[in-house]
Amino acid sequence: MATSMSGMFSGQQPPVAHPVGGPGGPGQPGFPGTATRPPGNNTLVDELEASFEACFASLVSQDYVNGTDQEEIRTGVDQCIQKFLDVARQTECFFLQKRLQLSVQKPEQVVKEDVSELRNELQRKELLVQKHLSKLHHWQQVLEDVSVQHRKPSDLPPPGPLAFLEQASASLPPAPLKPN
């Protein structure tokens with residue numbers, strides 16, 4: 001599979017040098033520890049990374065922060081974002097093409113992946129059902145406890161000196177009747 005993805009890592013797109021610093025060019029401060037990309041070694045991943053860094057750099061650039069022309073700032077940021085989205089679409093297209101190739105060459109692999117995804121989804125849903133059942137049992141117990149507490153005060157005899165004996169005798173079985 002790694003060799004089938006070699007187009008992505010061997011310059012599938014036409015080489016274009018992107019300064020990491022963004023739209024301001026080489027004079028614009030970029031990210032610490034990064035440099036401009038060599039023109040012959042760009043790949044989709046490199047372009048995606050560079051366009052993302054350019055988007056970020058355009059948002060934090062001193063030129064844009066100190067700029068007074070809001071329309072110029074908006075246009076520059078929009079261009080950076082559009083470039084990033086274009087490269088992201090190209091990267092997505094690349095992976096979709098590789099996925100299509102895999103499904104044609106090894107359809108059983110796609111079925112295995114689908115089965116694995118379905119098992120994971122089933123397991124996730126089973127855990128969710130267990131969680132809801134646990135909550136349901138908890139609230140049923142709370143409801144039962146509340147209903148028992150509401151029944152007890154009406155069942156209790158009025159307090160008095162013989163209340164304990166009345167309560168104890170109520171729990172005894174009735175005495176057998178004697179025949180006359």
Report task. Say whether Glu126 and Gln130, considering side chains only, have a donor N or O and an acceptor N or O under 3.5 Å apart. Result ->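 On atom types as modelled, these side chains qualify, holding a pair under 3.5 Å.
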
Query - No-hydrogen, no-angle side-chain donor-acceptor test under 3.5 Å, Asp86 and Gln82 - result: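 Note: Asp86 and Gln82 side chains meet the donor-acceptor criterion.
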
Which distance, rounded to the nearest 0.5 Å, do you find between the [atom1] of [X] and the [atom2] of [Y]?
X	Y	atom1	atom2	result
Cys55	Gln79	SG	CD	11.0 Å
Lys83	Glu47	NZ	CD	5.0 Å
Thr91	Leu96	OG1	CG	11.0 Å
Gln105	Leu100	CD	CG	9.5 Å
Asp114	Ser116	CG	OG	9.5 Å
Lys131	Lys125	NZ	NZ	15.0 Å

Query - Heavy-atom pair with the smallest gap, counting every atom of Ser51 and Val87 - result: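 Smallest interatomic distance, heavy atoms only, reads OG-CB, 4.2 Å.
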
Query raised in the report: For Ser58 and Val77, which heavy atoms make the closest approach, and how far apart are they?
Result: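 Smallest heavy-atom distance, with atoms named: OG-CG2, 4.0 Å.
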
Query raised in the report: With a cut-off of 6.0 Å (strictly less than), are more than 12 heavy atoms of other residues, nucleotides or ligands near CD of Gln123?
Result: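 Atom CD in Gln123 is not packed in, count stays at 12 or less.
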
Report task. Give a yes or no on whether Val111 and Leu102 share a hydrophobic cluster (residues Ile, Leu, Val, Met, Phe, Trp, Tyr; joining criterion: side-chain heavy atoms under 4.5 Å apart). Result ->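 Result: no, two separate clusters.
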
Query raised in the report: Hey, quick one: are Val148 and Val142 part of the same hydrophobic cluster, counting side-chain heavy atoms closer than 4.5 Å, chains of contacts allowed?
Result: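 Per the 4.5 Å side-chain linkage, Val148 and Val142 are not co-clustered.
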
Is there a side-chain contact between [X] and [Y] (heavy atoms, below 4.5 Å)?
X	Y	value
Leu128	His132	yes
Gln90	Leu48	no
Gln97	Cys93	yes

Report task. Begin with the C-alpha distance, continue with both residues' side-chain angles, and end with the deciding distance and a verdict on salt bridge (Lys or Arg N to Asp or Glu O under 4.0 Å) for Glu108 and Lys112. Result -> CA-CA 6 Å; Glu108 69 278 354; Lys112 285 180 185 177; over 6 Å; no

**Report entry** Chi angles and distances behind the salt bridge (Lys or Arg N to Asp or Glu O under 4.0 Å) call for Arg124, Glu117
**Finding:** CA-CA 10 Å; Arg124 181 183 60 81; Glu117 287 176 14; over 6 Å; no

Query raised in the report: Going through the checks in order, is the side-chain hydrogen bond (donor to acceptor under 3.5 Å, both in side chains) test met by Gln141 and Asp145?
Result: CA-CA 6 Å; Gln141 185 63 42; Asp145 292 345; 3.0 Å; yes

